[in-house]
Undergrad: 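Please find one structure pasted underneath; my questions will follow.
Remember, it's 1-based here, ligands and their atoms both numbered in the order they're listed.
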Amino acid sequence: MSLHEAPEYSDIKVFQVKGKHIVLGISGGIAAYKSAHLLRLLVKQGAEVQVVITPNGKEFITPVTLSSLSGKPVVSEFFTANTGEWHSHVDLGLWADLMVIAPATASTIAKMANGVADNMLVTTYLSAKEHVMVAPAMDLDMWAHPSTQRNVATLRADGVEIIEPAEGELASHLVGRGRMEEPENIVKRIREYFNRSESMTGLRVAITAGPTYERIDPVRFIGNYSSGKMGFALAEECSARGAEVTLIAGPVAIETRSPRIRRIDVESAQEMHNVALGEFAASDIGIFSAAVADYRPLKAESSKIKREHNDGMSIELVRNPDIAFDCTRSRRPGQVFVGFALETDDEMANAASKLERKGLDMIVLNSLRDKGAGFRTDTNKVTIVTATGEAAYPLKTKREVAADIVDAIENLMGARGESCGD
Ligand code: PMT
């Protein structure tokens with residue numbers, strides 16, 4: 001197998017901005033003057049744009065300019081003072097196919113990262129169901145400050161797409177990173193997003209996620225450290241690309257964001273197995289990201305095992321079914337199955353052996369030897385292995401890793417001539 005570069009989004013086939021509902025959030029920075037141009041470009045391409053501006057934003061660009069360009073009244077306050085009319089951030093959040101915040105100041109980024117809902121822009125963000133893009137703009141030291149970088153990392157982990165600021169001369173006349181990306185490039189990212197957002201339309205995806213708990217008695221179980229973050233990120237990514245997603249989740253403490261994800265909660269490996277057989281059979285793409293316990297106690301006690309009755313104890317374990325193996329055994333032509341390999345030693349050899357043994361089309365290898373990879377973290381570092389090669393990726397947020405994995409699945413389907421729903 002040869003090592004090659006991770007692919008980038010490159011083959012953008014159709015540009016679909018026309019008719020899309022976009023909320024353009026504008027916060028109070030000098031780059032707000034560029035938002036008028038961004039708005040004009042989007043409207044020219046047929047998008048319906050609703051501007052939401054912070055009170056400080058209005059100091060930099062007037063609502064009259066923005067409403068003339070968008071053809072809609074600009075929303076800024078929770079209420080219209082003279083009529084008492086309430087502006088519903090919930091309705092706006094539901095209306096939007098995409099929310100773009102450009103420029104996003106350090107303050108707005110901090111509020112978004114921490115849920116400080118004290119203006120219409122942040123409340124709309126908190127109500128947004130669809131994808132959110134943020135184009136930061138600020139002085140170079142503010143951008144580089146650990147506090148800003150922490151907040152940006154939080155937004156990334158929450159699935160927000162950050163359009164990195166460019167380098168150049170800033171409002172302070174200092175030169176460095178902090179300039180809002182040019183409107184033309186933001187529009188390009190928006191087009192790429194909409195193109196991506198429909199790439200899996202019509203496809204059914206089944207995903208296992210999280211740990212399984214194998215009951216010892218009513219208060220104890222055998223489990224593992226999986227939080228479900230990797231599997232949930234995959235579910236969100238597939239849903240964002242238009243797929244019908246069924247997520248079979250072990251016991252985890254996280255919620256799904258997209259209302260389109262059908263979630264089935266299970267506890268044990270046997271329960272996951274029972275649900276998965278039917279769901280994976282009905283899917284076009286199956287992703288096994290769960291950390292399934294390989295063994296369970298032969299007998300689950302119905303009462304709590306008492307400490308004082310036992311000097312020592314041993315639990316007899318029996319093997320759990322291999323969900324991935326059983327699902328791929330009865331595969332239909334055209335189905336694509338992707339497994340994970342969580343390793344501590346001989347990573348590549350173990351991943352390659354699992355690929356073959358479990359009848360998978362792709363294995364996503366993550367190693368506990370890599371800092372920031374594997375269980376519970378918001379980041380992961382993976383190598384995607386197929387029968388024809390492997391691609392190693394740097395450490396990224398789990399949502400970004402999910403995008404890389406889904407890109408790789410789409411490429412594999414494209415190479416086989418199977419429909420990716422375009
Ligand atoms: O949930 P997080 O905290 O975000 O952590 C993510 C993760 C580390 C759990 C995830 O990235 C990951 O590596 N998941 C697979 C973990 C694992 O169980 O690997 P494995 O090498 O033991 O299993 C290989 C493959 O077979 C996996 O796709 C697994 O889902 C599947 N399997 C394993 C055993 C079993 N009985 N049934 C299975 O389907």
Side-chain angles (χ1 to χ4, degrees), residues 157 159 206-214 222-237 247-254 256 266-277 279-280 283 285-296 317-331 336-385 393 395-402 404-405 409:
I207 301 174
T208 64
T212 63
Y213 285 180
E214 311 301 322
I222 296 172
N224 58 64
Y225 296 117
S226 172
S227 62
K229 285 179 184 173
M230 190 65 250
F232 277 55
L234 280 158
E236 297 291 349
E237 184 61 28
L247 176 64
I248 307 166
V252 294
I254 50 176
T256 45
V266 296
E267 184 171 296
S268 65
Q270 279 182 304
E271 279 172 37
M272 190 174 270
H273 183 257
N274 293 345
V275 175
L277 286 181
E279 296 297 337
F280 279 75
S283 69
I285 298 167
I287 307 177
F288 304 92
S289 70
V292 184
D294 286 318
Y295 293 90
R296 68 177 184 278
L317 301 176
V318 290
R319 227 183 147 80
N320 270 328
D322 187 323
I323 301 169
F325 181 82
D326 288 348
C327 288
T328 59
R329 249 188 336 179
S330 51
R331 63 162 56 206
V336 172
F337 288 121
V338 178
F340 272 70
L342 178 64
E343 305 295 341
T344 53
D345 310 279
D346 295 331
E347 286 90 341
M348 195 50 74
N350 285 329
S353 135
K354 278 176 189 167
L355 181 75
E356 203 179 318
R357 193 155 33 88
K358 295 188 187 237
L360 297 161
D361 301 288
M362 185 183 289
I363 273 267
V364 181
L365 165 65
N366 40 188
S367 170
L368 289 182
R369 285 204 284 189
D370 287 323
K371 197 166 177 289
F375 291 129
R376 294 196 284 199
T377 51
D378 288 326
T379 51
N380 207 357
K381 185 169 184 300
V382 302
T383 300
I384 296 179
V385 184
Y393 294 75
L395 188 75
K396 295 185 180 188
T397 66
K398 281 188 172 161
R399 184 59 189 264
E400 289 167 334
V401 171
D404 288 337
I405 294 169
I409 295 171

Undergrad: Can you sort out which atoms of ligand 1 are near Phe288, meaning under 4.0 Å from one of its heavy atoms?
TA: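 The list of qualifying atoms is 27 (C), 28 (O), 30 (O).
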Undergrad: Are any of the N or O atoms of Thr208 closer than 3.5 Å to those of ligand 1?
TA: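 Between Thr208 and ligand 1 (N or O atoms, distance only) the closest approach is not under 3.5 Å.
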Undergrad: Run the numbers for me: atoms of ligand 1, each under 4.0 Å from some heavy atom of Arg376, listed by number.
TA: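 So the answer, numbered in order with elements, is 2 (P), 3 (O).
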Undergrad: Look at ligand 1 and say whether Met272 reaches it with a heavy atom at a distance under 4.0 Å.
TA: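 For ligand 1, residue contact (heavy atoms, under 4.0 Å) with Met272 is absent.
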Undergrad: Determine whether any heavy atom of Asn366 lies closer than 4.0 Å to an atom of ligand 1.
TA: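 Heavy atoms of Asn366 do come under 4.0 Å of ligand 1.
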Undergrad: Show me which atoms of ligand 1 lie under 4.0 Å from any heavy atom of Gly339.
TA: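 Per the distance check, 28 (O).
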Undergrad: Hey, which atoms in ligand 1 end up nearer than 4.0 Å to a heavy atom of Val292?
TA: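 Listed by number with element: 18 (O), 34 (C), 35 (C), 36 (N), 37 (N), 38 (C).
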Undergrad: Below 4.0 angstrom from a heavy atom of Asp322, which ligand 1 atoms are there? Numbered from 1 as shown, please.
TA: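 In order of number, 35 (C), 36 (N), 37 (N), 38 (C), 39 (O).
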Undergrad: Consider every N or O of Ser226 and every N or O of ligand 1, then say whether any pair is closer than 3.5 Å.
TA: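 The answer is yes, given that Ser226 and ligand 1 share an N or O pair closer than 3.5 Å.
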Undergrad: Could you measure the distance from the OG1 atom of Thr379 to the CE atom of Met230? Nearest 0.5 Å is fine.
TA: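 Nearest 0.5 Å value for the OG1-CE distance: 10.5 Å.
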Undergrad: Are any of the N/O atoms on Ala293, whether in the backbone or the side chain, positioned under 3.5 angstrom from an N/O atom of ligand 1?
TA: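 N/O-N/O distance under 3.5 Å: no.
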Undergrad: Is ligand 1 less than 4.0 angstrom away from at least one heavy atom of Gly210?
TA: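 Contact check Gly210 vs ligand 1: negative.
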Undergrad: Taking atom 14 (N) of ligand 1 as the point of reference, which of Ser289, Ala324, Ala291 owns the nearest heavy atom?
TA: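 Checking each option, the heavy atom nearest atom 14 (N) of ligand 1 is found in Ser289.
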Undergrad: Which is closest to atom 20 (P) of ligand 1 by heavy-atom distance: Lys229, Lys354, Glu343, Arg296?
TA: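 Selected option, by shortest heavy-atom distance: Lys354.
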Undergrad: For Pro321, is the nearest heavy atom under 4.0 Å from an atom of ligand 1?
TA: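 It does; at least one heavy atom falls under 4.0 Å.
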Undergrad: As an exercise, identify every atom of ligand 1 less than 4.0 angstrom from a heavy atom of Lys398.
TA: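 Reading through ligand 1 atom by atom, the close ones are 2 (P), 3 (O), 4 (O), 5 (O).
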Undergrad: May I ask you to check whether Gly228 has an N/O atom sitting below 3.5 Å from an N/O atom of ligand 1?
TA: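 Yes; at least one N/O pair falls below 3.5 Å.
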Undergrad: For ligand 1, does Asp294 get within less than 4.0 Å through its side chain, its backbone, both, or neither, judged by non-hydrogen atoms?
TA: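 Under 4.0 Å from ligand 1, Asp294 contributes side-chain atoms alone.
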